[in-house]
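On a predicted model such as this, the values are computed, not experimentally measured, just so you know.
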Amino acid sequence: MSPENRRSVLHGIRAQLPFLAWLVVLWMLLWAQFTVLSFVTGLAVAVFVTRVFRLPTVELSGRINLWYAALFVAQFLFAIVQGALSVTVQVFDFRRQPGAAIIAVPLRYADDLVMTHVAVVSSLIPGSLVVEADRDRRVLYLHVIGVRSRDDVEKQRAGVLRWERRIVRALGDPAQYRALRADERASTASGSGGAR
């Protein structure tokens with residue numbers, strides 16, 4: 001094997017290690033066994049799955065900001081509770097229907113990985129669900145409830161874009177983070193102020 005091919009194989013293995021590790025952990029959680037045997041069988045299943053059902057290698061950014069990641073987790077947990085309470089109030093308000101809409105949200109900084117994170121976060125918060133993702137145009141389509149006016153639609157769209165910014169701050173690649181910071185500086189300089 002030539003040195004160039006060897007480097008390519010090693011790079012592929014390094015890029016797949018987080019995914020393999022996640023599959024092994026998922027396997028162990030699935031069987032609720034944290035033993036050497038479940039680790040070995042999980043590793044065998046993970047290698048089998050990644051070899052038989054080959055997907056393009058997802059390149060992780062290699063950048064994690066621990067402060068923004070911790071802040072993201074806290075904000076996410078709060079949003080889940082707030083969303084659940086909001087949906088509960090809307091369901092038990094018998095005076096009016098909650099109102100629903102499908103909205104398009106064009107993402108600004110997303111690559112495939114960030115777009116996936118934004119879609120998952122948006123779907124896990126009660127009251128919204130991603131129904132379509134246009135990968136080429138980087139647009140998410142969400143079904144949301146509690147929408148009665150154009151202002152409500154814009155509020156929902158701004159909320160999804162806020163999650164995108166939070167994800168980019170926490171684990172976006174350096175180019176995405178620089179683009180976000182440049183946009184925040186430009187909006188601050190223009191006096192509009194960026195929403196967090």
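Residues A104 and R157 approach most closely at O-NE, 2.7 Å, considering heavy atoms. Of all heavy-atom pairs between L161 and P106, the closest is CD2-O, 3.5 Å. Between V130 and A119, the closest heavy-atom pair is CG2-O, 3.5 Å. When all heavy atoms are compared, the tightest approach of T116 to D112 is OG1-O, 2.8 Å.
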Original post:
Passes side-chain contact (heavy atoms from CB on, under 4.5 Å), L142 versus Q156? Steps please.
Top reply: CA-CA 9 Å; L142 287 88; Q156 292 284 346; over 6 Å; no
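Criterion: ILVMFWY side-chain heavy atoms under 4.5 Å apart, direct or through other members. Under it, V120 and I80 are part of a common hydrophobic cluster. In the hydrophobic cluster analysis, where Ile, Leu, Val, Met, Phe, Trp and Tyr join through side-chain heavy atoms closer than 4.5 angstrom, L43 is grouped together with V36. V131 and M115 sit in two unconnected hydrophobic clusters of ILVMFWY residues. Membership requires side-chain heavy atoms under 4.5 Å apart, directly or through other members. Residues Y141 and V105 do not share a hydrophobic cluster, defined by chaining ILVMFWY side chains whose heavy atoms lie under 4.5 Å apart. V121 and L180 fall within the same hydrophobic cluster, defined by Ile, Leu, Val, Met, Phe, Trp and Tyr side-chain heavy atoms under 4.5 Å apart, directly or through other members.
Within the 4.5 Å cutoff, side-chain heavy atoms of I145 are placed close to those of Q90. The closest side-chain heavy-atom distance from L113 to H117 is below 4.5 Å. V24 places none of its side-chain heavy atoms less than 4.5 Å from the side chain of L20. Looking at heavy atoms from C-beta onward, W163 lies in side-chain contact with F72 at the 4.5 angstrom threshold. You'll find the side chain of L107 stays beyond 4.5 Å of the side chain of V139, heavy atoms only. A heavy-atom distance below 4.5 Å is found between the side chains of L29 and F34. When side chains are defined from C-beta on, L23 does not count as touching V45, because their heavy atoms never get closer than 4.5 Å. Using a 4.5 Å cut-off on side-chain heavy atoms (C-beta onward), I125 and F76 make contact.
With rounding to the nearest 0.5 angstrom, the CD atom of E132 is 10.0 Å from the CD1 atom of I102. Here NE2 of H143 is found 12.0 Å from OG of S123. Values are rounded to the nearest 0.5 Å. Here the CZ-CZ distance, from R148 to R96, works out to 4.0 Å after rounding to the nearest 0.5 Å. Expressed to the nearest 0.5 Å, how far CZ of R169 lies from CZ of R181 amounts to 7.5 Å. In this structure, CD1 in I103 is found 12.0 Å from NZ in K155, a value given to the nearest 0.5 Å. Residue R165 holds its CZ atom at 12.0 Å from OH of Y68, rounded to the nearest 0.5 Å.
Without hydrogens or angle criteria, S128 side chain to S122 main chain gives a donor-acceptor distance under 3.5 Å. Using modelled atom types, one side-chain atom of Q176 and one backbone atom of D173 make a donor-acceptor pair closer than 3.5 Å.
Under a 4.0 Å N-O distance rule, the pair R138/E164 does not qualify as a salt bridge.
L85 meets the side-chain contact (heavy atoms from CB on, under 4.5 Å) test with V81; sequence neighbours excluded. Residues forming a side-chain contact (heavy atoms from CB on, under 4.5 Å) with F78 (at least two apart in sequence, or on another chain): Q82.
Looking only at atom types and distance, the side chain of Y109 has a donor-acceptor partner in the side chain of D183 under 3.5 Å away.
Under the 30°/60° scheme for interplanar angles, the aromatic rings of F92 and F94 are found to stand perpendicular.
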